[in-house]
**Q** 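Handing you a structure now.
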There are 2 protein chains.
Amino acid sequence: MRLNEALETLKNEGYKYTKKREDILSFFTEEDGYRTASDLLNYMADKYDGLSYDTVYRNLHLFRDLDILESTDLNGEKHFRLSCGHDEHHHHFICHSCGKTKTIKACPMNYIQQDFPGYTIENHKFEIYGKCPACQ
Amino acid sequence: MRLNEALETLKNEGYKYTKKREDILSFFTEEDGYRTASDLLNYMADKYDGLSYDTVYRNLHLFRDLDILESTDLNGEKHFRLSCGHDEHHHHFICHSCGKTKTIKACPMNYIQQDFPGYTIENHKFEIYGKCPACQ
DNA sequence: ACAGTAAATCGTAATCATTCTTATTTACAA
DNA sequence: TTGTAAATAAGAATGATTACGATTTACTGT
């Protein structure tokens, strides 16, 4: 179960256990797709009255730094999902209606022949956008 | 010259000629790389005192709608460059130090075998980030 | 169980990019 | 030259995100 694994990571790295952190992680394990800070805030608002922005963003960034979450920019807003860190490197189809993803197994970096003399390549992004079967 | 071509497009589409529009286009023809709204605002500020945000954003969006500019999200901020619309479909290496780009000729969509049954594919993004030779 | 301490959170203000609104100015067509 | 729609100015509003001082809480060692 991804949730316990993530809680374990937190513990190992010396971060404290809080119910809020568990709930944030539950949200993402349940959701399986890209979600925004305010999606999370809404979810948490049911249980926690007056939850601070600070808490939401601080934890989102912490989790991303610990590779528990990964993020992408979608129309000017950061979207987060559970990290696929352990799996083989891959990319995502992202449904821009529901945010759910589908793995793209291939990575374009393996296919481009072109070289970039004098350039330093640091990272790359490949995403396909559209509608998933459920959102047609 | 790309600039005249762009001014021509504006005229053909029934938009008015203004010196500001010409200067905005000059900025991008000179720059050759991804630039933000505030990069442009700074450039324009020399000539135009109290230039309105509205003018900057309205024209950036207009130019993008007319395919004179193209844009991409880079760390939560929109970046614009002259459109490569006429050229064959391609992607970009983007130097995240100076914003200059290099064409990637291949498109991953031609290489992925995987199909997406029931999915509608609307668009895609492939970008490589790093440092260009000049920014090493 | 208990106290000390650093980490986590709250409450809220600040910031940054962007959009919106109203009044005014301007390019251009008749 | 004049009428009109388009363009702009000035600045307020919005939305996402970050910052910060004050308070609370999880955990460590006793």
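Protein chains get the first letters and strands the later ones, always in sequence-line order, with residue 1 at the start of each. Given the structure is predicted, the values throughout are model-derived calculations rather than measurements. The figures that follow rest on heavy atoms only: side chains count, while hydrogens, waters and symmetry mates do not.
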**Q** Could you tell me whether the side chain of A/V56 reaches within less than 4.5 Å of the side chain of A/I24, counting heavy atoms only?
**A**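 Heavy-atom side-chain distance check fails, nothing below 4.5 Å.
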**Q** Any side-chain N or O of A/T18 under 4.0 Å from OP1/OP2 of C/dT9?
**A**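 For C/dT9, OP1/OP2 do have a side-chain N/O of A/T18 under 4.0 Å.
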**Q** Starting the side chain at C-beta, find the nucleotide from D/dA9, C/dC10, D/dA16 nearest to A/E77.
**A**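 Looking only at side-chain atoms, A/E77 lies closest to D/dA16.
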**Q** Would you say A/K20 reaches C/dC10's phosphate, i.e. side-chain N/O to OP1/OP2 under 4.0 Å?
**A**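 It does, given that an N or O in the side chain of A/K20 lies less than 4.0 Å from OP1 or OP2 of C/dC10.
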**Q** Taking A/K100 first and then A/D32, would you say they form a salt bridge - that is, a charged N and a carboxylate O separated by under 4.0 Å?
**A**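 Salt bridge: no.
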**Q** Mind checking A/R58 for me? I need base, sugar-phosphate or nothing, with any heavy atom below 4.0 Å counting as a touch.
**A**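 If one applies the 4.0 Å heavy-atom cut-off, A/R58 turns out to touch a base.
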**Q** In whole Å, what is the span from the NZ atom of A/K78 to the P atom of C/dT18?
**A**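 Going from A/K78 (NZ) to C/dT18 (P), I get 12 Å.
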**Q** Does B/G14 reach a base, just sugar-phosphate, or nothing at all? Heavy atoms under 4.0 Å.
**A**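 B/G14: no heavy atom of the nucleic acid under 4.0 Å.
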**Q** Could you check how far CG of A/D39 sits from P of D/dT17, rounded to whole Å?
**A**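 Those two atoms, CG and P, are 11 Å apart.
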**Q** Return no unless some side-chain N or O of B/T36 is found under 4.0 Å from OP1 or OP2 of C/dA17.
**A**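 It does not, given that no N or O in the side chain of B/T36 lies less than 4.0 Å from OP1 or OP2 of C/dA17.
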**Q** Side chains of A/T29 and A/R2: donor-acceptor distance under 3.5 Å anywhere?
**A**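 No, no side-chain donor-acceptor contact under 3.5 Å.
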**Q** Which listed nucleotide (D/dA19, D/dA26, D/dA10) is nearest to the side chain of A/D54?
**A**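 Closest nucleotide among those given: D/dA19.
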**Q** Expressed in angstrom and rounded to an integer, what is the separation of A/E13 atom CD from D/dA26 atom C1'?
**A**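 Rounded to whole Å, this separation is 18 Å.
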**Q** Return the 5'-most residue of the pair B/S38, B/Y17 with respect to DNA chain C, ranking by each residue's nearest nucleotide.
**A**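 Nearest-nucleotide comparison on DNA chain C picks B/S38.
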**Q** Would you mind classifying the nucleic acid contact of A/Y15 as base, sugar-phosphate or nothing, using non-hydrogen atoms under 4.0 angstrom?
**A**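 The answer is sugar-phosphate, as A/Y15 gets under 4.0 Å only of primed atoms, P, OP1 or OP2.
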**Q** Does OP1 or OP2 of D/dA9 have a side-chain N or O of B/T55 closer than 4.0 Å?
**A**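 Answer yes for this pair, as a side-chain N or O of B/T55 is under 4.0 Å from OP1 or OP2.
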**Q** Using a cut-off of strictly less than 4.0 Å, decide whether B/Y57 has a side-chain nitrogen or oxygen near OP1 or OP2 of C/dT19.
**A**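 It does not, given that no N or O in the side chain of B/Y57 lies less than 4.0 Å from OP1 or OP2 of C/dT19.
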**Q** Quick one: is A/N75 getting a side-chain N or O under 4.0 Å of the D/dA16 phosphate, OP1 or OP2?
**A**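 For D/dA16, neither OP1 nor OP2 has a side-chain N or O of A/N75 closer than 4.0 Å.
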**Q** Under 3.5 Å, is there a donor-acceptor pair between the A/Y48 and A/D23 side chains?
**A**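 Note: A/Y48 and A/D23 side chains meet the donor-acceptor criterion.
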**Q** Send over the distance from A/L7 CG to D/dA26 P, rounded to a whole Å.
**A**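 Interatomic distance, CG of A/L7 to P of D/dA26: 14 Å.
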**Q** Between atom CG in A/L25 and atom P in C/dA8, what is the gap in whole Å?
**A**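 After rounding, the reported distance stands at 13 Å.
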**Q** Quick one: B/L51 CG to C/dT25 C1', roughly how many Å, whole number?
**A**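 Result: 15 Å.
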**Q** What is the separation between atom CG on B/L74 and atom P on C/dA17, rounded to the nearest whole Å?
**A**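 In whole Å, C/dA17 P lies 14 Å from B/L74 CG.
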**Q** Round to a whole Å and report the spacing from CG of A/D49 to C1' of C/dT9.
**A**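 Computing the A/D49:CG to C/dT9:C1' distance gives 14 Å.
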**Q** Any luck finding a side-chain donor-acceptor pair between B/H124 and A/E127 under 3.5 Å?
**A**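 There is no such pair between these side chains.
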**Q** Looking at C/dT19, I'd like to know if its phosphate oxygens (OP1 or OP2) sit under 4.0 Å from a side-chain N or O belonging to B/H61.
**A**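 Looking at the OP1 and OP2 atoms of C/dT19, one of them is under 4.0 Å from a side-chain N or O of B/H61.
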**Q** Does B/K16 contact D/dA5 through a side-chain donor or acceptor facing the base, at a distance under 3.5 Å?
**A**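 For B/K16, whose side chain was compared with the base of D/dA5, there is a donor-acceptor pair (under 3.5 Å).
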**Q** Let's see if you can work this out: which of C/dT18, C/dA8, D/dT18 has an atom nearest to the side-chain heavy atoms of A/Y53?
**A**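 Closest nucleotide to the A/Y53 side chain: D/dT18.
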**Q** Between the side chains of A/K78 and A/T36, is a donor N or O closer than 3.5 angstrom to an acceptor N or O?
**A**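 No, A/T36 and A/K78 have no side-chain donor paired with an acceptor closer than 3.5 Å.
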**Q** Base, sugar-phosphate or nothing for B/H79? Non-hydrogen atoms, less than 4.0 Å.
**A**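 B/H79: no heavy atom of the nucleic acid under 4.0 Å.
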**Q** Identify which nucleotide among D/dT17, D/dC27, C/dT18 has an atom closest to any side-chain atom of B/A37, counting heavy atoms from C-beta outward.
**A**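 When the side chain of B/A37 is considered, C/dT18 is the closest of D/dT17, D/dC27, C/dT18.
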